Amino acid sequence: MPQTETVIRQALKERAKPVLFINKADRLIKELKLTPEIMQERFKIIITKINALIQKYAEDEYKEKWMVGVNEGSVAFGSAIQNWAVSIGMMKKTGISFKEVIDHMEKGESKILAEKSPLHATVLDMVVKHLPNPLDAQKYRVPKIWPGDKESPIAKDMANCNPNGKLAAVVTKIYPDPHAGYVATTRIFSGKIVSGQEVYLVGQGKVNKVQQVGIYKGNQRITMESVNAGNIVGIVGLHDAYSGETLCDADGIIPGFEAIKHIFEPVVTKAIEPKKPQDLAKFIGLLRKVSREDPTLRISINEETGEYLVSGLGELHIDAKIERPLKEAGLEVDISPPIVIYHEGVGKPSPQPVEVRSPNKHNIFWMVAEPIEKGIYEAMVRGEIGDIEVKKKDNDFVEKLVKLGMNRDEAKDVKLIYNKNIFVEATKGIASILEIMEMVKDSFKEAMNEGPLAREPCAGVKIRLVDARLHEDAIHRGPAQVIPPIRAACREAMIAAKVFILEPKQIIRIDVPPEQLGGAMKEVQNRRGQIIDMIEESGANVLMAKIPVGEMFGFNSSLKSATSGRGFYGMVDILYEPLPKELELKVVTKIKERKGITSAGEEPG
């Protein structure tokens, strides 16, 4: 189902051994009306596909060892919402047969099935038998997921899961608790976490005090005095922690673990504000809560209107995570229609450097814009190259860029990668350039946050500072003389490089019975959609389609209407592609009207 390949790729990259649980088995009978034989065929197809992904993405050492199979007991299927699941191991233990499972499902006896073969028992049985314990796993996982010195004492403590070593731990999830505020679910790799101790949050650069630490027993959290390495714990008191945060001893700071990558970036925004001013504090508290729980949601304030802008993966995402919780909390809010987040890119290198002068005319800058090399941009989209400030010479980083297609001399001059855009400082022998470099980087970031066409974020843009003439006196090259002209130069260079609008598109998978296929296809085509692939999978049709996000609003209910309620879809991927030229002027005009941008409101060059 959607995102499976991306998630498996990420897990295998981090050397996490997989087991397979096939969910929503109840829908195969209730909605798709499949026979037991076709169901088994469908399970076989899924298992074969998963093993193909393991073969594709696992390192050579693990390809064969980590394959999943029904007979080995590393595959289970069931329904999470109905609390039942079965596997070969559990069938042997409970005596339940595949035929019985089907009979109970057909008769709607999910409660009986959940009593005979409960979900938690099946999954835990599979985990205990097939997944390695931390004493084994950390030896081969730590070198892969922690970027610090592999020979250091802390690296050895982590590899050996040493409870007496220095603390090293990672926050994997933040969730609210009605009694404790926020709980940070954390995996301890080395040392121990003790109630009352102070820990250092590497990403935030802050010290927080552990008020309470506990281990999990199902959905309960059992309070402990201290918990050793190798365990997953719930910590109360980490007020500044977010998902992916590294924890260590307050007096022994270590490099942070590799960041937890989120598969998609937000593509839809809604402006939300409470109708009653007295509800503002409660409203802000709820927004903070959901943004900590779901890192794919972004929340910001529109400085001009005071509205709260909530950005997510689509209309349904914002509805489920924001709008419904607000209603349940009894808050009345005004919600704008959904706004699509477009990107701005460039089509070719600007023909010659753009020249801009500082307001006092004492400083001159020359800049060029061009598209980022295809291999590098694809690596950014895959999450293999993230945001980075290059402070000192990094040969590995240079080699990576060269391997992906960048000229070696240029790769050495890369100073900043920001939101899938690159800044290159290609000047030669300019006195004082280092003194203004932080201001230049800040200006570049501002320009990439708001492109020249419609003040939308930029993507895939490389800006090179090719030359500069700076006043010898630092007082004449302060922020007011550097930031506005650099920002303007980035935008003018992009215009010279044929700037254009990119629109987000969702790649979706639609499951639909054969007799309803026509309705689903028509719904896709009516929305500027494109059918990428169509396969028959064990008695049901699967459509892979690509639809612009701007055309996706209301798609869920329209699909249900067009397929007599029997078609359902899930998101597989989000990508950005050039907006058709005939639509660009209309879209840009609409965005400018919404943002109150006038052509005269451009910055001075």
Side-chain angles (χ1 to χ4, degrees), residues 1-25 37 39-78 80 85-93 98 117 119 121-147 150 155-156 158-161 170 172 187 189 230 232 257-258 260-261 263 378-379 382-384 400 403 509 533 535 537-538 542 544 572-573:
M1 280 303 284
Q3 297 144 44
T4 304
E5 180 165 357
T6 317
V7 173
I8 287 175
R9 185 172 71 209
Q10 179 72 19
L12 293 170
K13 185 182 165 198
E14 295 184 3
R15 292 183 185 157
K17 184 184 177 184
V19 289
L20 175 62
F21 177 71
I22 302 170
N23 194 24
K24 302 182 182 176
E37 295 73 30
M39 268 182 75
Q40 283 181 302
E41 276 307 307
R42 188 150 182 172
F43 289 150
K44 277 183 200 165
I45 290 166
I46 292 170
I47 295 161
T48 304
K49 281 184 179 175
I50 296 297
N51 280 329
L53 292 174
I54 293 168
Q55 287 295 302
K56 184 176 176 183
Y57 292 119
E59 293 163 275
D60 290 345
E61 191 183 336
Y62 309 108
K63 280 187 195 299
E64 295 307 317
K65 288 195 282 191
W66 285 2
M67 300 267 275
V68 296
V70 173
N71 293 334
E72 294 78 38
S74 54
V75 174
F77 70 88
V86 289
S87 64
I88 286 287
M90 284 304 280
M91 283 174 167
K92 285 175 183 167
K93 275 186 185 177
F98 187 72
S117 190
L119 171 73
T122 303
V123 173
L124 280 173
D125 180 69
M126 193 162 64
V127 166
V128 170
K129 283 182 181 163
H130 294 281
L131 297 187
N133 71 60
L135 291 170
D136 298 329
Q138 287 186 198
K139 285 179 174 58
Y140 60 82
R141 289 199 69 220
V142 169
K144 188 74 174 176
I145 59 176
W146 186 68
K150 307 298 182 272
K156 288 172 180 168
M158 284 194 271
N160 294 315
C161 212
V170 177
T172 55
R187 175 180 277 283
F189 284 87
I232 294 172
F257 279 81
E258 293 284 344
I260 294 173
K261 301 277 192 313
I263 305 166
E378 285 171 355
R382 290 193 300 268
E384 290 163 17
K400 189 173 191 177
K403 195 176 173 187
R509 169 187 166 132
D533 197 8
I535 47 176
E537 217 174 70
S538 313
V542 175
M544 298 298 285
V572 178
D573 204 353

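We're numbering straight along the sequence, starting at 1. A quick note: this is a predicted structure, and the numbers were derived from the prediction, not measured.
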Under the salt bridge (charged side-chain N to carboxylate O under 4.0 Å, His left out) test, residues paired with K129 that sit two or more places apart: D125
Ignoring hydrogens and angles, tell me if any N or O in the side chain of [X] forms a donor-acceptor pair with the backbone of [Y] under 3.5 Å.
| X | Y | result |
| --- | --- | --- |
| T122 | A85 | yes |
| D60 | K63 | no |
| S87 | V75 | no |

Quick one, R9 with K56, criterion side-chain contact (heavy atoms from CB on, under 4.5 Å). Give me CA distance, side-chain angles, the key distance, then yes/no. CA-CA 9 Å; R9 185 172 71 209; K56 184 176 176 183; over 6 Å; no
Set of residues satisfying ring pair (Phe, Tyr, Trp, His ring centres under 6.0 Å) with respect to F189, sequence neighbours excluded: F257
For the atom pair NZ (K49) and CG (L53), what is the distance rounded to the nearest 0.5 Å? 9.5 Å
Return the CE to OG1 distance between M67 and T48, rounded to the nearest 0.5 Å. 9.0 Å
Only counting residues at least two apart or in another chain, list the ones meeting side chain to side chain donor-acceptor pair (under 3.5 Å) with E61. none
With sequence neighbours excluded, tell me which residues meet side chain to side chain donor-acceptor pair (under 3.5 Å) with K156. none
With a 6.0 Å cut-off on ring centres, are Y57 and Y62 close enough? no
Taking the six-membered ring for Trp and the single ring otherwise, decide whether the centroids of F77 and F43 are under 6.0 Å apart. yes
Give every residue pair that meets the salt bridge (Lys or Arg N to Asp or Glu O under 4.0 Å) criterion with at least one member in residues 66-78, sequence neighbours excluded. none
In a table with atom names and distances, give each donor-acceptor pair under 3.5 Å that connects a side chain of residues 139-147 to protein atoms at least two apart or in another chain.
from : atom 1 : to   : atom 2 : distance (Å)
K139 : NZ     : L135 : O      : 3.0
R141 : NE     : E14  : O      : 2.9
R141 : NE     : R15  : O      : 3.3
R141 : NH2    : E14  : O      : 3.3
W146 : NE1    : P255 : O      : 2.9

